[in-house]
Every structure is written in structure tokens, then in C-alpha cells.
Amino acid sequence: MIRRLARPMLATVFVIDGVETLRNPQAHVAKAAPLVDKAAPLVEKGEQAVNEHVTTSVPPVTKDTETLVKALAGVKVGAGVLFALGKAPRLSALALTASHLPTTVTRNDF
């Protein structure tokens, strides 16, 4: 009984945040840009390492901050809806956690 109420209430926060980010990504792009700039060299090293071991070419990861912000927002909306409906709750909770970590780092000044 409690899960039927708790999951939708928790998921609502993520869905609303994702929708707001999709509607107005520019506010989040400015905050996420420093993190994306710091992570870009690591991503490039990872791409090179993967391409050395994989025979087929792996498509490059986008370095466009706005695209990455929108992708995280889409993950929040999709996983939030799944979590609220109780479909794949562990997987959707993992996706919500993984998408929320970069958001927490960029939005809060530690």
C-alpha cells in the first residue's frame, strides 16, 4: 500500500524537473558547461580505448552541453514515469540516481 503512494510521489519530483529542463534548457546549460568541459578529455580517452579493442567504429559521444542536458532530462522523465507506474522499479530507480548525480554536482555549489 505504501509503495503505491510513495513511488508516484517520489517520481513526481524527477518528472517535473525533467520537463522543466526540457522546456528551458539554457538555464541548466550554463551550469553544466564546466562539468562537461572537465569530462571531455576523459570521454575522448575512453573512446580511443574502446575503438582500439572493438573492430567496428563506435559513434562519438556528443560534447554539446545542451544535448547532454536534454538527454539527462529525458532520462529523468522516462525513468520517473516508469518508477511511478511501478514498471521496472529497480532499473528506473538506478537510472534516476545516475541522472541525478550530475545534476546535483552542477546545481549545488559545494
Side-chain angles (χ1 to χ4, degrees):
M1 177 68 178
I2 291 176
R3 286 184 185 168
R4 287 186 184 176
L5 295 173
R7 283 183 180 156
M9 289 181 357
L10 178 62
T12 302
V13 175
F14 293 101
V15 173
I16 290 173
D17 183 42
V19 169
E20 288 298 319
T21 302
L22 287 172
R23 292 179 70 201
N24 184 18
Q26 295 306 323
H28 304 288
V29 168
K31 291 182 179 180
L35 183 65
V36 172
D37 293 340
K38 287 180 183 177
L42 295 173
V43 171
E44 288 175 9
K45 278 185 177 179
E47 287 176 343
Q48 291 171 358
V50 167
N51 281 332
E52 289 175 3
H53 292 61
V54 178
T55 56
T56 59
S57 179
V58 176
V61 176
T62 182
K63 311 295 187 294
D64 181 32
T65 307
E66 184 173 352
T67 305
L68 293 171
V69 167
K70 287 180 179 179
L72 278 176
V75 169
K76 286 183 182 182
V77 171
V81 169
L82 286 175
F83 191 73
L85 295 174
K87 305 293 182 189
R90 291 182 184 188
L91 181 62
S92 58
L94 178 66
L96 288 172
T97 303
S99 68
H100 193 64
L101 289 175
T103 304
T104 301
V105 170
T106 58
R107 289 188 191 170
N108 301 314
D109 296 329
F110 293 111

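Counting begins at 1 with the first residue of the sequence.
- Linking ILVMFWY side-chain heavy atoms closer than 4.5 Å, directly or via other members, places Leu68 and Val105 in two distinct hydrophobic clusters.
- When hydrophobic clusters are built by joining Ile, Leu, Val, Met, Phe, Trp and Tyr residues whose side-chain heavy atoms come closer than 4.5 Å, directly or via intermediates, Val13 is not grouped with Val77.
- Note that NE2 of His100 and OG1 of Thr97 are 8.5 Å apart. Values are rounded to the nearest 0.5 Å.
- For the atom pair OG1 (Thr65) and CG (Asp37), the distance works out to 6.0 Å, reported to the nearest 0.5 Å.
- Closest heavy-atom contact between Val75 and Ala95: CG1-O, 4.0 Å.
- Side-chain contact between Pro89 and Arg7 is present, with at least one heavy-atom pair separated by less than 4.5 Å.
- Tracing side-chain contacts under 4.5 Å through hydrophobic residues (I, L, V, M, F, W, Y), one reaches Leu10 starting from Leu96; they form part of the same cluster.
- In this structure, the side chains of Thr103 and Lys76 come closer than 4.5 Å at one or more pairs of heavy atoms.
- Cluster membership for Val19 and Leu72, using ILVMFWY side-chain heavy atoms within less than 4.5 angstrom, is not shared.
- Linking Ile, Leu, Val, Met, Phe, Trp and Tyr residues whenever their side-chain heavy atoms come within less than 4.5 Å places Leu22 and Val15 in a single cluster.
- With values rounded to the nearest 0.5 angstrom, Leu91 atom CG is found 8.0 Å from Leu82 atom CG.
- The shortest distance between side-chain heavy atoms of His28 and Glu66 does not fall below 4.5 Å.
- For the pair Ala32 and Val69, the tightest heavy-atom approach, listed with the atom from each and the gap, is CB-CG2, 3.9 Å.
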